[in-house]
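Input: a single structure, listed below in structure tokens.
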Amino acid sequence: MNKSHTYDHDSGRKITLSIFRYNPSNPASEPSFREYTLTETPGMTLYIALTKIYTSIDHDLSFDFVCRAGICGSCAMVVNGKPRLACKTLTSEFADARITLMPLPTFKHNKDLSVDTGNWMNAMSLKVESWIHSKEQTDISRIEKRVDPDTADEIFELDRCIECGICLASCSTRIMREDFIGAVGLNRVARFSIDPHDERTDEDFYELIGDDNGIFGCMSLMGCEDHCPKHLPLQSRIAYMRRKMVKV
Amino acid sequence: MQQEHIIELLTGKDSRKKKSRIPARLDLLQSVTGLILVLFILFHLLFESSILLGKDAMYALTKGFEMSFIFEGGEPLVISFLALMIFIVFILHAFIATRKFPASYRESIRYRTHAKLLKHEDTNLWFIQISTGFMMFFLGSVHLYTMMTQPEKIGPFASADRVYSDTAWPLYLLLLVSVVLHAGAGVYRLIVKWGVCDRTRSKTIIKAATAFYLLIGLVSLGAYIRIGYEHRNDYGQRYHTEVSR
Ligand code: HEM
Ligand code: SF4
Ligand code: FES
């Protein structure tokens with residue numbers, strides 16, 4: 001057989017993944033780190049590495065993935081201390097071939113690397129009333145009200161949030177104070193406050209975020225902006241909401 | 001007033017059934033008091049470093065602050081008044097900013113552990129901000145109280161005697177480092193918090209300014225120590241008496 005066209009799967013370097021293992025719903029489970037060593041393949045992402053561990057070493061390991069393309073936000077985890085999307089992280093990035101994986105802090109821990117971001121995001125959406133508030137009856141037979149293209153762009157920019165939860169897991173304020181709504185929540189409010197379809201006033205938004213769990217809780221530690229995998233302009237949007245809210 | 005607070009206690013809202021506006025006022029006041037203190041420190045450290053231009057320069061500046069152009073020979077009470085004003089802003093700022101300190105063992109251990117994992121510059125910068133702020137509760141209070149109560153003891157010899165013979169230099173050394181780091185981190189926080197200008201560029205500029213102020217502060221503290229040492233046997237003697245003699 002001509003070997004030159006196939007990749008030799010045993011020739012890559014050995015990498016070691018140290019993974020946090022714990023099942024909070026099993027009283028016998030002890031929180032600990034377990035090490036897995038495997039052979040790196042070209043273009044290997046953490047998603048591929050974890051799947052390999054799951055299929056060939058340890059079938060009890062839990063972690064979340066859906067899109068594998070940095071779109072769904074379900075694979076966020078702490079990689080060598082930094083919250084990141086596992087499906088967008090190449091193992092080749094780590095020169096010393098050692099990678100420590102932990103679940104995102106501040107969210108409800110399901111098991112191992114899996115946390116429940118979804119229910120928190122739903123609760124946050126309800127809390128900041130994350131929908132267009134308008135007294136106008138929507139008539140779907142008519143063309144929607146025009147929006148200035150620049151404003152539309154600005155809204156789409158903020159709508160790019162994938163609710164991965166990385167901004168919260170990178171925020172020491174949130175780590176200290178669990179009721180803090182975080183960048184994802186403040187960004188959401190900013191998104192609706194610039195949307196001309198939304199009739200809410202700054203006074204209305206103040207009722208949602210005008211306290212120390214909202215906009216005034218932010219201490220500008222900037223973990224959010226520096227780790228957001230979608231590079232949303234979180235600092236400038238939080239500052240924008242803060243300037244609005246102190247004027248109310 | 002009392003009624004208003006009782007309504008808020010029971011409903012979480014004020015009498016208009018709205019959220020209190022106080023958190024907004026406090027947030028702004030924290031920044032405004034911080035900014036006033038930074039502007040003050042910016043000039044204060046420069047004036048204090050006038051000793052590097054010679055005793056005469058520092059003496060002339062001191063007399064200028066005592067408004068010798070109005071009051072014959074200068075009026076130290078002007079300094080007392082200035083120190084009192086700064087003390088009030090200082091206390092107000094500290095009072096408001098302590099809201100942000102980690103409030104329990106749980107909060108502080110969570111912050112420290114998270115910051116160590118994250119290795120993120122701005123997250124660590126906040127630790128500098130709160131620890132230097134905490135130190136200044138004591139250091140700044142002692143200094144401001146001295147300036148309020150002994151305003152006449154400022155001058156090339158009087159200040160140097162305090163620094164060297166009265167052993168104030170350890171206090172000033174710690175205060176200098178705390179205040180410069182705190183002011184640097186504070187200005188950066190103001191810029192980020194209110195979205196004044198570009199974050200990365202302002203960080204570079206602030207780092208350079210912080211280094212510059214640390215440098216002139218340390219060198220001039222060294223100058224006061226040297227003058228105080230040379231003047232140790234004439235402790236208490238004033239600069240202007242020597243000149244006129
Ligand atoms: C007892 C003295 C002081 C204490 C306890 C203190 C404490 C603090 C704390 C904890 C913060 C962070 C607040 C936050 O994270 O939101 C802060 C911010 C700040 N401090 Fe101080 N500080 C003191 C004195 C000073 C002095 C002397 C200056 C000026 C040189 C100053 C300038 C600032 C500035 C500009 C900020 C940023 C304000 C903001 O975030 O709104 N502080 N201070
Ligand atoms: S703002 Fe960024 S980090 Fe936060 S949830 Fe959205 S995409 Fe993730
Ligand atoms: S699996 Fe969807 S973002 Fe990583």
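When all heavy atoms of A:Ser172 and B:Ala115 are compared, the closest pair comes out as OG-N, 4.5 Å. Contact record, A:Leu221 with B:Arg189: CD2-NH1, 4.0 Å, taken as the closest heavy-atom pair.
The pair B:Lys17-A:Glu207 fails the salt-bridge criterion, with no side-chain N (NZ, NE, NH1 or NH2) lying under 4.0 Å from an Asp/Glu carboxylate O. Using a cut-off of 4.0 Å between Lys/Arg side-chain N and Asp/Glu carboxylate O, A:Arg177 and B:Glu107 are scored as salt-bridged.
Looking only at heavy-atom pairs under 4.5 Å with chain B, the residue among A:Cys218, A:Ala239, A:Gly217 that has the most is A:Ala239. Contact tally against chain B (heavy-atom pairs below 4.5 Å) for A:Val246, A:Thr100, A:Ile175: the top residue is A:Ile175.
Remark: side-chain polar atoms of A:Lys82 are paired, donor with acceptor, to backbone N or O of B:Leu118 under 3.5 angstrom. Remark: the backbone N or O of A:Ala169 is paired with a side-chain donor or acceptor of B:His114 at under 3.5 angstrom.
Side-chain contact between A:Gln235 and B:Lys193 is absent, with no heavy-atom pair separated by less than 4.5 Å. With contacts defined as side-chain heavy-atom distances shorter than 4.5 Å, the pair B:Leu117/A:Met102 qualifies. Using a 4.5 Å heavy-atom cutoff, the side chains of A:Met176 and B:Pro102 are in contact. Side chains of B:Lys18 and A:Tyr206 form no contact here, defined as non-hydrogen atoms less than 4.5 Å apart.
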- Carefully, step by step, assess A:Glu178 and B:Arg106 under the rule salt bridge (Lys or Arg N to Asp or Glu O under 4.0 Å). CA-CA 12 Å; A:Glu178 273 148 357; B:Arg106 186 181 168 279; 3.0 Å; yes

- Message: Quick one, B:Gln129 with A:Met219, criterion side chain to side chain contact (heavy atoms under 4.5 Å, CB included). Give me CA distance, side-chain angles, the key distance, then yes/no.
- Response: CA-CA 11 Å; B:Gln129 180 110 57; A:Met219 303 195 293; over 6 Å; no

- Test side chain to side chain contact (heavy atoms under 4.5 Å, CB included) on B:Glu121 and A:Met222 and set out the steps. CA-CA 9 Å; B:Glu121 189 170 44; A:Met222 289 296 109; over 6 Å; no

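Close approach to chain A, defined as a heavy atom under 4.5 Å from one of its heavy atoms, is seen in B:Gly195, B:Arg199 of residues 195-213 of chain B, taken by number. Within residues 150-159 of chain A, no residue has any heavy atom closer than 4.5 Å to a heavy atom of chain B.
Within the 4.5 angstrom heavy-atom criterion, only backbone atoms of B:Ser20 (N, CA, C, O) approach chain A. Interface residue B:Lys13: only side-chain heavy atoms are found under 4.5 Å from chain A. Using a 4.5 Å cut-off between heavy atoms, A:Ser236 makes no contact with chain B at all. Residue A:Met245 touches chain B through its backbone alone, counting heavy-atom pairs closer than 4.5 Å. With a 4.5 angstrom heavy-atom cutoff, B:Leu190 does not touch chain A via any of its atoms.
Taking a 6.0 Å sphere around CZ of B:Phe95, one finds it holds 12 or fewer heavy atoms contributed by other residues, nucleotides or ligands. Atom CZ of B:Phe101 sits in a crowded spot, with more than 12 heavy atoms from other residues, nucleotides or ligands closer than 6.0 Å. Heavy-atom contacts from other residues, nucleotides or ligands closer than 6.0 Å to CH2 of B:Trp194 number more than 12. By the 6.0 Å contact criterion, CE on B:Met85 is enclosed, its count of non-hydrogen atoms from other residues, nucleotides or ligands being greater than 12. By the neighbour-count criterion of 12 heavy atoms within 6.0 Å, atom CZ of B:Phe81 is sparsely surrounded, having that number or fewer from other residues, nucleotides or ligands. Counting heavy-atom neighbours within 6.0 Å of B:Phe134 CZ, excluding the residue itself, gives a total of 12 or less.
If you take OG on A:Ser220 and CD1 on B:Ile191, they are separated by 11.5 Å, rounding to the nearest 0.5 Å. Considering CG of B:Asp27 and CG of A:Asp211, their distance stands at 11.5 Å, rounded to 0.5 Å. Here the OG1 atom belonging to A:Thr173 is positioned 6.5 Å from the CH2 atom belonging to B:Trp126, to the nearest 0.5 angstrom. Atom-to-atom distance recorded for B:Asp122:CG and A:Glu225:CD is 9.5 Å, nearest 0.5 angstrom. With values rounded to the nearest 0.5 angstrom, A:Asp212 atom CG is found 8.0 Å from B:Leu26 atom CG. To the nearest 0.5 Å, the span separating CZ on B:Arg110 from CZ on A:Arg174 amounts to 9.0 Å.
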